[in-house]
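The sequence lines fix the lettering, A, B, ..., with proteins before strands; numbering per chain opens at 1. Note that this is a predicted model, so its numbers are computed, not measured. Hydrogens, waters and symmetry mates play no part in the numbers below; they use all other heavy atoms, side chains included.
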2 protein chains.
Amino acid sequence: MTKSRINSSDLLSGLELMIDSYQGKEQILGVNLNPVIVRLSCEEGCVKVIEMARRLGVTADTVRFYTRIKILKPGKNKTNGYREYSENDYNRLRFVLSARQLGFSVEDIQEILNHADKKKSPCPTVRRLIDQRLNETEQRFAETLQLRERMQQAVVEWSQKPDKVPTGHMICHLIEEFAQ
Amino acid sequence: MTKSRINSSDLLSGLELMIDSYQGKEQILGVNLNPVIVRLSCEEGCVKVIEMARRLGVTADTVRFYTRIKILKPGKNKTNGYREYSENDYNRLRFVLSARQLGFSVEDIQEILNHADKKKSPCPTVRRLIDQRLNETEQRFAETLQLRERMQQAVVEWSQKPDKVPTGHMICHLIEEFAQ
DNA sequence: CTTGACCTGTGTCTTGGACACAGGTGTAAG
DNA sequence: CTTACACCTGTGTCCAAGACACAGGTCAAG
Ligand SMILES: [Zn+2]
Ligand SMILES: [Zn+2]
Ligand SMILES: [Zn+2]
Ligand SMILES: [Zn+2]
């Protein structure tokens, strides 16, 4: 599990080579033309929160959020208390973001991860959950579509109507006369 | 402003006739064929929260919510502390519900009501706000549409794929192999 | 008198983070 | 060495529009 020699195409993008040298104590060894980074400070290629966030294109707050709810379980540097995110955390977060893109809720994702953590196939759960979420999305889609049409029609109708001052019975004639 | 003789087609639906006799102390006067309800207990045709809610097809919690944030300002019965909603409150709530149907936020509605309460035309504000809200709705519509398509495509693709047990690199191949 | 339906105010919950805050840490410049 | 500044920690609060809960008061019917 512990690698001292990182295969960048395996784990992360090529950017890693430049990134990793930022604040870590990694050293460039050898004199060959393709310098290879060896991590000396962190046993498992760990990174800090902001770096983790940057690698996956999210904010540090997002990483902290998933840490807070225990989807990510980084280690802790004993000397300074900083959290250390491993390759496993990276994989989990990448998974979480993919699942969010597919409309799964965070709670769904926790359920899926629980299955996977017990080495059981999460696929049946995934299939069941996406059916539910797709139904809800269809529902929201229909509602949003209808709302959009109502609003568009209101704008069109209102363009023909004058402004008015409110009366005892009418607060805004635009809104109240828009029957639908 | 104070009416002792309610014109039901003016203010409320015909249902009011039956409803009003529920818990109030109204009396049916006269011997004509169309009995007319005269309210004796409440000077301004006031009703209690649940009745107000029922008349507009919302829950009592919704009425309490708009009361809490001071969009509705019912009077208070001195003897029992119950809130008394007037015709004005009814008109305001009906307006609020119409505006919500058109995608205005509660804050928008407060701004609109502030104008109207100062006898100024809220129409320019209404036109400006609906442009904003319509833009946001178009945005959400596009996002919901895309999400729906992604989800639908996932369901289709996944129907051809088997379940799998997670590995060290892969939590759920369905989600992670769904590249898009 | 009791039951049950209604009423009150207040507080908390919902989503997926975003933002704030108080205080600790690491590093580079002066 | 000091100081500045960027980074880190945990915790708490906020968002929208109500929904729900809770403790206690009120009212009419049986
Ligand atoms: Zn480390
Ligand atoms: Zn799977
Ligand atoms: Zn009254
Ligand atoms: Zn108007």
Is the closest side-chain donor-acceptor distance between B:N77 and B:T79 under 3.5 Å? yes
In this structure, how many angstroms lie between the P atom of D:dA16 and the CD atom of B:E111, rounded? 14 Å
The correct set of residues in residues 60-76 of chain A placing a heavy atom under 4.0 Å from DNA chain C is A:D61, A:T62, A:F65, A:Y66, A:R68
Between C1' of C:dG16 and CD of A:Q110, the distance in whole Å: 12 Å
Grab the NZ-C1' distance between B:K78 and C:dT8 for me, whole Å please. 16 Å
Atom pair CG (B:D131) and CE (A:M151), whose distance is rounded to the nearest 0.5 Å: 9.0 Å
Working to the nearest 0.5 angstrom, can you tell me the gap between A:I109 CD1 and A:L102 CG? 9.5 Å
Between C:dG16, D:dG18, D:dT9, which nucleotide has the shortest distance from any of its atoms to the side chain of A:R100? C:dG16
Length of the CG-C1' vector between B:L147 and C:dG16, whole Å: 15 Å
Can you check the B:K48 NZ to C:dG9 C1' distance for me, whole Å? 18 Å
With rounding to the nearest 0.5 angstrom, report the CD to CG distance, B:Q110 to B:D117. 11.0 Å
Hey, what's the ring geometry for A:F141 with B:F141, parallel, tilted or perpendicular (30° and 60° as the breaks)? parallel
Rounded to whole Å, CG of B:N77 lies from C1' of C:dC6 at a distance of 14 Å
Between the axis at one end of the helix from C:dC1-D:dG30 to C:dG30-D:dC1 and the axis at the other (five pairs apiece), what's the angle to 10 degrees? 30°
Examine D:dC27: is either OP1 or OP2 under 4.0 Å from a nitrogen or oxygen in the side chain of B:N80? Give yes or no. yes
Under-4.0 Å side-chain N/O to phosphate OP1/OP2 contact, A:R83 with D:dC8: no
As an exercise, state the distance from OG1 of B:T137 to CG of A:L145, rounded to the nearest 0.5 Å. 11.5 Å
Just by distance, with hydrogens left out, do A:Q153 and A:E149 show a side-chain donor and acceptor under 3.5 Å apart? no
If you measure from the Lys or Arg side-chain nitrogens to the Asp or Glu carboxylate oxygens, is any gap between B:R140 and B:E143 under 4.0 Å? no
Expressed in angstrom and rounded to an integer, what is the separation of B:I50 atom CD1 from D:dT26 atom P? 18 Å
Taken to the nearest whole Å, CD/B:E136 to P/D:dA16 is 11 Å
What is the distance from atom CD of B:E177 to atom CE of B:M170, rounded to the nearest 0.5 Å? 4.5 Å
Comparing nearest nucleotides in DNA chain C, the 5'-proximal residue of the pair A:T59, A:Y82 is A:T59
